[in-house]
Amino acid sequence: MSHMLYNPAELELSVQQQWDEQEAFRADESAEGEKYYCLSMLPYPSGYLHMGHVRNYTIGDVISRYQRMRGRNVLQPMGWDAFGLPAENAAIKNNTAPAKWTYANIGHMKAQLKRLGFAYDWSREFATCTPQYYRWEQLMFTRLVRKGLAYRKDSEVNWDPVDQTVLANEQVVDGRGWRSGALVERKSIPQWFLRITDYADELLQGLDQLEGWPDSVKTMQRNWIGRSEGVEFRMPVCDEHGVLQPNLTVAVYTTRPDTGFGLTYAVLAPEHPLVAVITTTAQAEAVKDFVASAHAASDAERLALEGNLQKRGVFTGAWVLNPFTEKPVPVFIADYVLMGYGTGAIMAVPGQDKRDWDFAMSHNLPILRTVQAPEGWEGDAWTGDGPAINSEWLNGLAVNEAKEQAINWLEEQGLGQRTVNFRLRDWGVSRQRYWGCPIPVIYCDQCGAVPVPEDQLPVVLPENVQFMGVQSPIKADPEWRKTLCPECGAAAERETDTFDTFMESSWYYARYCCPAGEPLDERANYWLPVDQYIGGIEHAILHLMYFRFYHKLMRDAGLVQTDEPATRLLCQGMVVAETFSRIGSNGQLDWVNPIDVELERDDRGKIIGGKLRSDGSPVQLGAVEKMSKSKNNGVDPQGLVDRYGADTVRLFSMFAAPPDQSLEWSDSGVEGSFRFIKRLWSLVTSHVERGPTVGLEIATLTDSQREMRRLLHDAIAKISDDVSRRYTFNTAIAAIMEFCNHLARFDDQSEQGRAVQQEASLAVVRMLNPIIPHVCEVLWKALGENTPLYSAAWPEADETARKKLQLELVIQVNGKVRGRLEASPGTTKETALEQAMQIENVKRYLDGLSVRKVILIPDRLLNIVVG
RNA sequence: GCCCGGGUGGCGAAAUUGGUAGACGCAAGGGACUUAAAAUCCCUCGCCUGAAUAAGGCAUACCGGUUCGAUUCCGGUCCCGGGCACCA
């Protein structure tokens with residue numbers, strides 16, 4: 001066997017063929033064992049697998065294969081999040097249909113996934129762009145329309161002028177479109193929304209039950225939902241002398257009613273409907289100008305004003321009565337007040353709110369402090385706790401008590417009521433793009449917006465289309481939208497918008513459970529919830545919030561039974577690499593791919609720069625950054641697979657860092673992983689070559705054979721814990737490497753020595769199977785096993801074998817290590833101290849001093865405190 | 001500004017409940033094999049003093065505290081990464 005060199009390409013392809021023939025990873029609801037649903041976020045079929053995919057899917061595969069070895073009935077599916085903008089952009093650029101481009105990409109990426117040997121049940125694969133998939137999404141939507149959970153309203157949206165589409169708030173980053181990078185404009189058009197705000201409280205409270213989710217994700221979701229408790233109250237409109245105008249009030253929302261005595265002015269958002277009503281003739285011109293300029297301001301300009309000391313605004317000429325002081329205060333409009341939150345109007349308390357302070361300073365408005373700031377406070381608005389001052393019946397109360405009193409008072413006076421507000425907005429799901437799931441609605445002049453009847457679903461998106469410019473072909477085609485009203489039979493038109501693609505990724509995990517036929521059947525309740533979900537942290541808010549929301553919608557529709565879709569979540573870190581650049585011929589910075597760079601090091605081995613392999617020209621070392629096209633530091637996994645094989649790529653991506661930290665790509669690191677597999681190969685094959693082994697006779701083992709077994713069973717215990725509880729695959733691999741180093745040095749060719757080697761080799765191969773399954777499957781067979789390794793049991797640590805005969809006790813004097821002692825387990829403090837006193841080096845530090853205290857950490861350490 | 005993470009050798013990292021800091025790997029240096037190279041194998045490898053594989057000092061961003069003992073706990077400061085960003 002050893003004459004056979006390790007040839008990864010040949011070996012891996014043959015093993016993969018066996019798995020295919022045996023349908024090794026087909027999941028079956030009636031199989032034995034407790035179910036385990038392991039899911040990695042499905043990829044967008046962009047064309048090629050990148051290192052981020054490889055990392056994500058390797059983590060999922062390791063967990064799946066481990067759970068299978070633990071006897072669980074495992075489902076690990078894979079599919080394609082196939083709708084989306086890039087397909088349209090590619091179609092426009094290359095003059096092909098988005099469907100064709102998408103299916104071609106799926107074909108290529110599927111081949112890449114198969115080459116990496118992931119244990120997927122491919123029989124459940126689907127692409128979300130097929131009518132078989134999206135018809136259930138359409139059906140669900142029509143039911144939500146009837147239930148009132150989906151509704152249509154005119155709304156000002158983020159308009160991306162490059163992509164010609166509406167963006168969700170979440171898709172706007174720093175005032176720019178997340179894909180195009182174009183400055184986002186505002187535009188008002190009719191849109192479909194899902195009432196995610198109806199579920200805001202449940203989505204928030206549900207986070208407390210998600211013990212298996214990272215705190216960072218839960219915190220981000222909590223902040224995004226942004227629940228706040230306060231009070232909404234009304235103030236009557238008056239003139240500057242307090243003379244009331246009949247039937248006009250301004251409603252405001254505040255979380256700080258305790259500061260009501262410091263309310264020195266009020267502010268409306270520029271879009272507030274009352275602006276037109278209350279503005280005085282004298283101020284009409286100024287207000288009109290301001291509203292126009294606020295409306296025209298781009299998001300970038302708005303952003304520049306945020307946190308700025310200068311706050312823009314204008315007086316309306318109107319006044320309102322502060323209910324606490326019964327004095328009139330002026331009403332302004334300003335763009336630091338948002339129409340979309342609370343009532344779109346605020347009470348301003350400059351003494352206790354930083355933004356109000358800034359506005360008051362810019363407009364010379366009075367400031368009255370109502371909370372005693374701590375001694376020495378010389379800053380602006382004090383937002384912390386302290387006793388109330390200048391507040392009559394609230395004076396002396398701490399903030400929380402004063403809040404309660406103020407709310408009670410407002411309620412008793414009939415002026416307001418306790419109110420909870422959320423930052424979370426309803427989810428706008430309309431997109432003005434072609435390559436998405438058609439929104440199943442028909443517009444009739446008589447009947448309005450009518451959901452497409454269930455027996456007419458799916459509304460199929462035509463796939464064989466031609467693009468004229470960037471406009472959606474179904475919007476451009478007058479025929480496609482023509483239809484009849486399902487209610488009255490009159491001529492009507494179809495909706496030509498499509499769903500946000502987050503709709504498809506919100507329920508795909510349930511579809512994998514029963515990929516054909518009715519939307520969901522009892523198999524969904526067998527597999528759900530997902531036991532382990534794995535994906536990128538960039539989905540912490542958007543996808544993972546919609547995913548939880550949609551699950552609750554399906555629960556309330558009677559389709560699933562659990563409250564949450566996934567019990568455990570693992571967010572893998574980014575894949576990063578060094579960046580290299582040089583000045584190009586045009587004087588611009590050219591980014592050079594790390595794979596093309598020969599590294600240069602200083603005397604200590606530190607990387608200081610490099611040379612381009614092709615022409616030897618020097619390149620500059622830049623920062624370590626996320627792999628990206630713009631910095632040209634992406635490494636194509638396909639090249640690595642071709643060169644080293646799938647096992648090496650899998651091993652490296654699991655070894656270089658813990659899964660939740662960023663992973664730095666390193667050429668020589670990959671090489672190191674390859675070397676380890678080769679050493680493993682020669683370790684096992686040279687053992688096998690010496691012929692068959694006899695059974696272990698534990699009672700007859702020598703000390704060194706026992707010691708070898710102790711190392712093995714310690715390793716099994718540690719690796720099992722790392723893989724199953726800690727998810728630190730890097731330390732599990734390190735422990736296997738360490739053990740293999742011991743095993744390689746164990747040169748005992750006696751019968752029992754070889755029996756120990758056989759036991760160790762079988763255990764190592766089983767423990768490495770989740771990570772490098774191809775080479776392990778071959779070595780397993782070589783070791784004489786006939787059943788497939790993928791269904792073999794994970795090794796168990798033998799506690800008896802782990803018992804140490806002798807151990808090393810560290811001796812400290814005053815907390816510093818001064819010696820070591822060979823001791824038997826369970827050595828008492830007295831015995832240990834007595835023996836420690838015999839050590840010359842220890843004696844030196846005790847000389848002339850008296851022992852004050854002795855601390856023994858059993859079997860580990862003895863600390864002698866002297867003075 | 002607010003909310004999360006994080007800061008340990010030349011590098012990626014480890015130290016799981018407060019108990020030997022640097023496991024494992026990479027890089028580097030030295031050696032063996034080889035006509036040579038590659039591959040492989042062996043040795044060294046935090047910094048400083050020291051001939052040393054004797055012994056010691058310093059060291060986990062910085063300052064201080066708790067403790068017999070702190071990378072780990074507490075308080076403060078600096079820096080890096082991520083999220084949110086005028087949400088009243």
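Bear in mind the structure is a predicted one, so any value in this text is a computation, not a measurement. A, B, ... follow the sequence lines: proteins, then strands. Residue 1 opens every chain.
- Looking at K718(A), its side chain comes within 3.5 Å of the base of U16(B) through a donor and an acceptor atom.
- Rounded to whole Å, the separation between the C1' atoms of G46(B) and G9(B) comes to 5 Å.
- You'll find the side chain of V866(A) reaches within 4.5 Å of the side chain of I864(A), heavy atoms only.
- Look at the C1' atom in both C84(B) and G69(B): the space between them is 42 Å, to the nearest Å.
- At the heavy-atom level, R818(A) lies under 4.0 Å from the strands shown only through sugar-phosphate atoms.
- The residue among Y336(A) and N863(A) whose nearest nucleotide of RNA chain B lies closer to the 5′ end is N863(A).
- The distance from atom CG of L544(A) to atom P of G82(B) is 19 Å, rounded to the nearest whole Å.
- Out of G25(B), C3(B), G56(B), the shortest distance to the side chain of N841(A) is found at G56(B).
- Rounded to a whole angstrom, the distance from the C1' atom of C62(B) to that of U49(B) is 26 Å.
- In this structure, L663(A) places its CG atom 9 Å from P of A13(B), rounding to the nearest Å.
- Checking C84(B), A14(B), A23(B) against the side-chain heavy atoms of R423(A) singles out C84(B) as nearest.
- At a cut-off of 3.5 angstrom, counting only N and O atoms as typed in the model, there is a donor on one side and an acceptor on the other between the side-chain of R725(A) and the base of U16(B).
- Counting non-hydrogen atoms under 4.0 angstrom, R222(A) reaches nothing in the nucleic acid.
- Remark: P of A55(B) and NZ of K843(A) are 15 Å apart, rounded to the nearest angstrom.
- One C1' atom belongs to G7(B), the other to A61(B), and the distance between them is 6 Å to the nearest Å.
- Across all strands, N741(A) comes closer than 4.0 Å only to sugar-phosphate atoms, never to a base (heavy-atom distances).
- Across all strands, G226(A) comes closer than 4.0 Å to no nucleic acid atom at all (heavy-atom distances).
- Residue E808(A) is in base contact, counting any heavy-atom pair closer than 4.0 Å across all strands shown.
- With hydrogens and angles ignored, no donor-acceptor pair closer than 3.5 Å exists between the side chain of R860(A) and the base of U20(B).
- By the 4.0 Å N-to-carboxylate-O rule, D201(A) lies close enough to R227(A) to be salt-bridged with it.
- A salt bridge is defined here as a Lys NZ or Arg NE, NH1 or NH2 lying under 4.0 Å from an Asp or Glu carboxylate O, and K631(A) with E625(A) meets this definition.
- E232(A) has its CD atom 14 Å from the P atom of A88(B), to the nearest Å.
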